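The chain is numbered in sequence order, starting from 1. Bear in mind the structure is a predicted one, so any value in this text is a computation, not a measurement. Order of appearance sets the numbers: ligands from 1, and atoms from 1 within every ligand.
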Amino acid sequence: MKTVKGFASATVGNVACGFDVLGFAITEPGDEVILTLSDRAHTDSPVSISAITGDGGALPLDPKKNTSSFVVLKFLEYIRAHKQIDFTGHISLELRKHLPLSSGMGSSAASAAAALIAANELMGLPCSKMELVHFAIEGERVACGSAHADNAAPAILGNFVLIRSYTPLDLITIPSPEHLYCSLVHPHTELRTAYARSVLPQEISLKTATQQWGNVGALVTGLLTSDYDLIGRSLVDVIAEPKRAPLIPGFFEVKQAALDSGALGCSIAGSGPSIFAFSSSEKTALAVGNAMKEAFLHSKAHLQSDMWVSPICKEGARIL
Ligand SMILES: Nc1ncnc2c1ncn2[C@@H]1O[C@H](COP(=O)(O)OP(=O)(O)O)[C@@H](O)[C@H]1O
Ligand SMILES: N[C@@H](CCOP(=O)(O)O)C(=O)O
């Protein structure tokens with residue numbers, strides 16, 4: 001018997017203007033996956049889920065439906081076909097969820113990334129982290145019906161990740177400026193990723209497109225040059241935020257509270273309902289996060305929320 005524990009932290013997809021093409025990882029919180037390898041096949045499937053904690057019983061135990069076990073199945077198929085590793089044993093998977101579901105914090109991606117980093121360790125590191133991203137993206141298709149990489153890629157790789165192309169997959173990791181901090185606030189309500197995607201327009205005007213890609217280029221430039229003002233000016237989303245903000249009670253009050261407290265910029269984390277803000281110091285990020293929590297509480301919905309302040313995670317998914 002051999003046991004390995006993997007960890008992957010929360011991620012923020014889109015990063016305002018980068019819908020489906022930009023995301024970053026924070027350091028905490030995250031999901032843990034414990035894999036136990038045994039020589040004998042216990043069931044027809046080479047992977048089974050022994051336990052899930054922290055999900056309130058919401059997640060599927062079927063190994064083909066839970067993102068954590070599904071990606072391990074895909075990983076085993078891949079190393080058999082491309083790495084000449086024919087796995088004949090059994091892997092028992094325990095998932096410990098510390099990320100809230102349907103939160104905008106890349107919950108399904110974190111489960112998948114933690115499982116993949118553990119499986120790769122268990123099988124003797126046959127794949128690079130970049131190879132593992134492919135399986136994590138397929139896990140997103142199982143979780144919410146779309147194979148978007150802006151949570152999956154940073155969950156595995158850390159840092160900021162720009163997805164230049166999906167076919168073929170072309171990912172660029174972008175280092176974070178030294179003094180960039182994220183305030184992430186999760187209101188106690190759910191917004192399913194699949195639904196939040198269903199409200200988006202299928203077509204946009206040329207004017208809207210030029211605004212959006214101008215900001216993506218400026219945001220990437222700001223990150224690469226540590227230009228904090230440019231980062232803040234670039235956090236403008238004219239595609240998803242206008243459609244999704246009405247789905248988040250108190251969004252506009254929370255965003256204004258963040259900016260009034262010194263945030264560089266603020267927008268929806270992923271597909272929401274969480275909201276993130278960037279600051280150029282940890283002290284400001286803490287003040288911004290607290291102001292955002294207060295704004296949720298005093299909004300019409302009187303929402304309680306959880307708040308984290310974090311630098312950008314540079315390591316990505318890792319073994320504990
Ligand atoms: N292991 C898993 N962890 C989280 N969500 C999962 C998992 N397996 C399946 N899902 C489903 O994935 C969907 C996407 O939600 P989730 O990823 O939690 O949202 P977000 O990415 O906004 O945090 C949810 O409907 C959830 O039930
Ligand atoms: N690009 C995706 C990001 C979804 O992030 P999640 O954390 O809410 O799953 C989208 O905007 O749908």
shortest atom 4 (C) of ligand 2-to-protein heavy-atom contact is with N151 OD1, 3.4 Å

Can you see whether E28 engages S310 through a side-chain donor-acceptor pair at a distance of less than 3.5 angstrom?
no

Check whether any side-chain heavy atom of P249 lies under 4.5 Å from a side-chain heavy atom of K300, and answer yes or no.
no

Can you tell me the protein heavy atom closest to atom 27 (O) of ligand 1 and the distance?
L59 CD2, 3.7 Å

So is there a nitrogen or oxygen of S108 less than 3.5 Å from a nitrogen or oxygen in ligand 1?
yes

Can you classify the ring geometry of F278 versus F24 as parallel (below 30°), tilted (30 to 60°) or perpendicular (above 60°)?
tilted

Are L95 and I156 linked, directly or through intermediate hydrophobic residues, by side-chain heavy-atom contacts shorter than 4.5 Å (ILVMFWY only)?
yes

Interfacing atoms of ligand 1 (cut-off 4.0 Å, heavy-atom, L101):
4 (C), 5 (N), 18 (O)

Would one find more than 12 heavy atoms of other residues, nucleotides or ligands at under 6.0 Å from atom NZ of K65?
no

Here the atoms of ligand 2 under 4.0 Å from any heavy atom belonging to F19 are 10 (C), 11 (O)

Run the contact test for E140 against ligand 2 with a 4.0 Å cut-off on heavy atoms, strictly below, and give the result.
no

Distance to 0.1 Å, residue and atom name: give those for the protein heavy atom nearest to atom 1 (N) of ligand 1.
N66 OD1, 2.8 Å

Mind checking whether S103 contacts ligand 1 via backbone (N, CA, C, O), side chain (CB onward), both or neither, at a 4.0 Å heavy-atom cut-off?
both

Just need the protein heavy atom nearest to atom 9 (O) of ligand 2, so name the residue and atom and give the distance.
T193 OG1, 3.1 Å

Which residue and non-hydrogen atom of the protein lie closest to atom 7 (O) of ligand 2, and at what distance in Å?
G106 N, 3.0 Å

CD1-OG1 distance between I85 and T88, expressed to the nearest 0.5 angstrom:
12.0 Å

Side-chain H-bond candidate by donor/acceptor type, T3 with T36, under 3.5 Å:
yes

Is it the side chain, the backbone, both or neither of T193 that has a heavy atom closer than 4.0 Å to ligand 1?
side chain

Among all protein non-hydrogen atoms, which one is nearest to atom 11 (C) of ligand 1, and what is the separation to 0.1 Å?
A143 O, 3.8 Å

Closest heavy-atom contact between R164 and I172?
CB-CD1, 3.6 Å

Nearest heavy atoms of F251 and S267, plus distance in Å
CE1-C, 4.3 Å

Can a salt bridge be assigned to the pair K74 and E77 using a cut-off of 4.0 Å between side-chain N and carboxylate O?
yes

Work out whether the distance between some heavy atom of E140 and some atom of ligand 1 is less than 4.0 Å.
no

How long is the straight-line distance from CZ of R318 back to SG of C313, given to the nearest 0.5 Å?
5.0 Å

For atom 11 (O) of ligand 2, what's the nearest protein heavy-atom neighbour? Residue, atom name and distance, please.
R244 NH1, 2.6 Å

Give a yes/no verdict on whether any heavy atom in G104 is under 4.0 Å from an atom of ligand 2.
yes

Hey, is R233 close enough to D227 for a salt bridge, meaning N to O under 4.0 Å?
no

Distance only, no hydrogens: is a donor on one side chain within 3.5 Å (strictly under) of an acceptor on the other, for S205 and T208?
yes

Please identify which atoms of ligand 1 are closer than 4.0 Å to at least one heavy atom of K97.
3 (N), 4 (C)

Measure the shortest side-chain to side-chain distance between W213 and V21 over non-hydrogen atoms and say whether it is less than 4.5 angstrom.
no

Quick check on G106 - does any of its heavy atoms sit under 4.0 Å from an atom of ligand 1?
yes

Please confirm whether L95 approaches ligand 1 to less than 4.0 Å, judged on its heavy atoms.
yes

The atoms of ligand 1 lying under 4.0 Å from a heavy atom of M105, numbered in the order shown, are 23 (O)

Do V15 and I239 land in one hydrophobic cluster if side-chain heavy atoms of ILVMFWY residues count as linked below 4.5 Å?
no

Among S102, G139, S274, G272, whose heavy atom sits nearest atom 24 (C) of ligand 1?
S102

When distances are taken from atom 12 (O) of ligand 2, the protein heavy atom at minimum range is R197 NH1, 2.7 Å

Looking only at protein heavy atoms, identify the closest one to atom 1 (N) of ligand 2 and say how far it is in Å.
D20 OD1, 2.5 Å

Donor-acceptor contact below 3.5 Å, side chain E140 vs main chain A149:
no

With a cut-off of 4.0 Å, which atoms of ligand 1 are near a heavy atom of R192?
25 (O)

Atom 8 (O) of ligand 2 - nearest protein heavy atom and its distance:
S271 OG, 2.5 Å

I want to know if ligand 2 touches N14 in the polar sense, i.e. an N/O pair below 3.5 angstrom.
yes

Proximal ligand 1 atoms for G104, defined as those under 4.0 Å from one of its heavy atoms:
20 (P), 22 (O), 23 (O)

Specify side chain, backbone, both or neither for T67, according to which of its non-hydrogen atoms lie closer than 4.0 Å to ligand 1.
both

